[in-house]
Amino acid sequence: MAPPLVGISIQLLSIAALILQNNIQHDSVETSVHQIQAVYDFIVVGSGSSGAIVANRLAENPHIRVLLVEAGGPSGLINDIPAQTATGALFYSEQDWNYTLTPQKYGVSYQNRVIPENRGHVIGGTSSFNSMIYNRGNRRTFDVWAKEYGAIGWSYEEVLPYFMKYEKNLDPLVASNGFHGTTGPIEITSWSHPPPIIQLHQQAANELHIPSTDINGAQQFGTAVCQAFIDGKGRRSSASNAYIDPNPYPHNLHILARALVTKILFEDKRAVGIQFLRHGTEHKIFAKKEIIVSAGTINTPQLLMLSGIGPEKHLHDLGIPVLSDLPVGDNYQNHWGVSIDFAIKEKYYHLLSTGGQMNVPQLYQFLARKTGPLAQHYRTVVYYNTHNNKDKDWPNTNWETGLYLYPANLSDVRAFPHEDRHAWDIFRAPLLGRYYFFVHPILQRPRSVGSIRLASKSPLYYPLIDGNVLADPKDYADLHESIKAALYFYERSSIAEYLEPIEPIPGCQFCKDRQFVNECDEYIQCLIVQTAYSCYHPAGTARMGAHERHDTVVDPRLRVKGVDGLRVCDASVMPLLMNGNTNAASLMIGEKCADLVKHDNQLA
């Protein structure tokens, strides 16, 4: 709470002034259109977790001119606030691409039977938009990239220095274990004072012989209160805030926002420029050295295919001349999960801390001091091995848990767009104004892969995203088993004492002959069919690997096969999705990509 001597009117005036100052600062990231030039040394398409880093690192050389192009606009105060109440408000906003999958077998409760695929449409990309969980994934994933896919140079030992390069870990207990950086531009923090119920939650996991661990350290299996992409001042640590906003090199790094790149321009088979739409007008800008596409797992394959790089038959069917016949858009991978909300019994509210709300006292506290509930957003995680997983040091599922305060009014609930909104409003009504555990079981090592294809040769049509959700029976079995394990934990471990029993979601029923929900396989099956959704970690649609492989789009130096002067640098190059959140690895890809570009252009 704000000091009692600070009256409400003074708080309001201070909030207004600070918000104005914040927005002016963020808006100034855009380079004046009068400064934009016709030719640059490098053009980077996309300002997300990888693209912002590449642009920054190339512009460190004052003799190199770099253009960074972003389809979205500048970020704002809402992006800086870590609390779930702010992060949740970004979904389905103008900062969201608002993608959806093609109709799937699962997620049938959503409008038109389509699963949302929310992605950041803003400077900083999804790093300005996500839940800020710092989770690199298991070391074995990166070793598989190198050994099985021929991504030479991308083993765990070789990428660890790049994870550490961008990291400034502010928790000395974590930073000293040899796996973390302390001097990078992205600050990582721990939850300094978790409330007692979080301590009880972790104790319950330990009682079930689940050890506490640093999930980014030597041993991933176990449980942790996750570190977060939140800086020491209580602000989101995004790629934007850390690398380009404010612009550290305004004389030679130009940033063009609200510009949708529609095509890569070629001379013969060399990439020489981009074509883009801005405020309804088409423009072209050229690059002397390279174009680096960092538009993300969905937009990158769309742009490549629109430019003539992709599956030959698909492009021919749309009348797009083929420059390079490559499996662009194949190998779409994602994590799939469900969510379960456990209300906390009111008699235990003394074990909680104040929930984040966008009210005057909390806004004042955040803006004036960067403290308080709005400066916090941390989750716990438990990694779990199902019976299908043979490598117990490489867990294939987990569940994340957040401690949140439900909105007081249904009109403020930012939830999935369900077909039967009325039934879901009735279901959610008992949670209004209550503290609860948001429990999120996730399939972390999916076998099923989908695809991305163009819906039209027009860049204004969204691509078709077929997630092929849980198509492999083992994927369904693993998610089902993980949900059972999570339900067991919250119904039958020592944390269960503090929680209200859950109610069945609309369209599903509990088993009448079972005492606990975790024993009711029919309900878990219904929960998956009705509500399985994307965990917002798409990857793999421009797969990296050995040049001679037929299933790769880029080589280990991230160069697009069959053309010159063009690289891809984002999560789309991942040969195999890691069993962790993709933001941390995408930042690593950005750092390594920048070094590759410098070396190949003799800039290092």
Side-chain angles (χ1 to χ4, degrees), residues 49 130-131 133-149 151 153-164 166-167 169 174 177-181 188 205 210-229 331 333-337 379-400 440-449 472 474-475 478-479 481-482 485-486 535-540 543-545 571 573-589 591-592:
S49 301
N130 61 13
S131 294
I133 298 168
Y134 184 43
N135 186 353
R136 300 171 179 171
N138 195 285
R139 64 185 300 150
R140 280 170 169 70
T141 304
F142 307 104
D143 289 339
V144 167
W145 288 9
K147 294 177 182 177
E148 296 189 18
Y149 293 96
W154 293 84
S155 70
Y156 178 73
E157 294 299 330
E158 290 166 307
V159 301
L160 179 59
Y162 288 102
F163 279 112
M164 298 174 69
Y166 72 69
E167 179 182 357
N169 202 300
V174 175
N177 67 12
F179 291 89
H180 295 275
I188 305 294
I210 302 171
S212 296
T213 188
D214 170 14
I215 58 173
N216 298 310
Q219 176 66 44
Q220 185 188 52
F221 175 78
T223 183
V225 180
C226 298
Q227 290 197 290
F229 287 97
N331 192 45
Q333 302 168 57
N334 207 336
H335 296 141
W336 309 106
R379 288 184 183 177
T380 68
V381 65
V382 172
Y383 269 97
Y384 179 79
N385 285 303
T386 71
H387 289 88
N388 283 325
N389 186 28
K390 304 305 180 184
D391 188 343
K392 302 307 179 184
D393 291 327
W394 191 6
N396 62 337
T397 72
N398 70 14
W399 64 84
E400 297 172 1
H440 185 19
I442 303 171
L443 174 67
Q444 286 286 347
R445 292 177 56 197
R447 301 166 183 82
S448 310
V449 296
D472 189 304
K474 288 185 178 179
D475 282 351
D478 288 341
L479 180 58
E481 185 179 340
S482 182
C535 301
Y536 318 121
H537 301 150
R543 175 181 261 167
M544 167 180 58
V573 306
M574 296 178 182
L576 180 70
L577 179 63
M578 75 282 301
N579 64 342
N581 306 58
T582 48
N583 186 48
S586 296
L587 295 165
M588 175 274 292
I589 290 170
E591 288 283 10
K592 185 170 174 64

Does the [X] side chain pair with the main chain of [Y], one donor and one acceptor, at a distance under 3.5 Å?
X      : Y      : value
Asn135 : Gly137 : yes
Ser448 : Asp472 : yes
Arg543 : Val573 : no
Arg445 : Trp394 : yes
His335 : Gln444 : yes
Lys592 : Gly153 : yes
Tyr166 : Ala584 : yes
Ser482 : Asp478 : no
Thr213 : Gly222 : no
Trp399 : Tyr383 : no

Any side-chain donor paired with an acceptor under 3.5 Å for Gln227 and Asn169? yes
If you take all heavy atoms of [X] and [Y], which pair is closest and at what distance?
X      : Y      : value
Ser586 : Ser49  : CB-CB, 3.7 Å
Pro395 : Asn385 : CA-OD1, 3.1 Å
Glu167 : Phe179 : OE1-O, 4.4 Å
Pro441 : Leu479 : O-CD1, 4.0 Å
Pro161 : Glu157 : CD-O, 3.3 Å
Tyr162 : Glu158 : CD1-O, 3.7 Å

Where does the angle between the aromatic ring planes of Tyr134 and Phe229 fall among parallel (under 30°), tilted (30 to 60°) and perpendicular (over 60°)? perpendicular
Give the intermediate values and the outcome of side-chain contact (heavy atoms from CB on, under 4.5 Å) for residues Trp154 and Met588. CA-CA 10 Å; Trp154 293 84; Met588 175 274 292; 3.8 Å; yes
Output, in order, the C-alpha distance, side-chain angles, deciding distance and verdict of side-chain contact (heavy atoms from CB on, under 4.5 Å) for His440 and Cys535. CA-CA 9 Å; His440 185 19; Cys535 301; 3.5 Å; yes
Less than 4.0 angstrom from a charged side-chain N to a carboxylate O is my criterion; do Lys474 and Glu481 meet it? no
For Phe142 together with Phe163, are the ring centres under 6.0 Å from each other? yes
Any side-chain heavy atom of [X] within less than 4.5 Å of one from [Y]?
X      : Y      : result
Leu576 : Arg140 : no
His180 : Asn216 : yes
Tyr156 : Asp143 : yes
Met544 : Tyr149 : no
Asn579 : Asn396 : no
Cys226 : Ile215 : yes
Asp214 : Asn177 : yes
Pro211 : Gln219 : no

Those residues at least two apart in sequence (or on a different chain) that pass side chain to side chain contact (heavy atoms under 4.5 Å, CB included) with Val449 are Asn331, Gln333
For Asp393 and Asn138: C-alpha separation, side-chain torsions, deciding distance, then whether side-chain contact (heavy atoms from CB on, under 4.5 Å) applies. CA-CA 9 Å; Asp393 291 327; Asn138 195 285; 5.6 Å; no
Report the distance from atom CG of Asn583 to atom CZ of Arg136, rounding to the nearest 0.5 Å. 12.5 Å
Who passes salt bridge (Lys or Arg N to Asp or Glu O under 4.0 Å) against Asp475, sequence neighbours left out? Arg447
Verdict with reasoning, Trp145 to Met578, per side-chain contact (heavy atoms from CB on, under 4.5 Å): CA-CA 10 Å; Trp145 288 9; Met578 75 282 301; 4.2 Å; yes
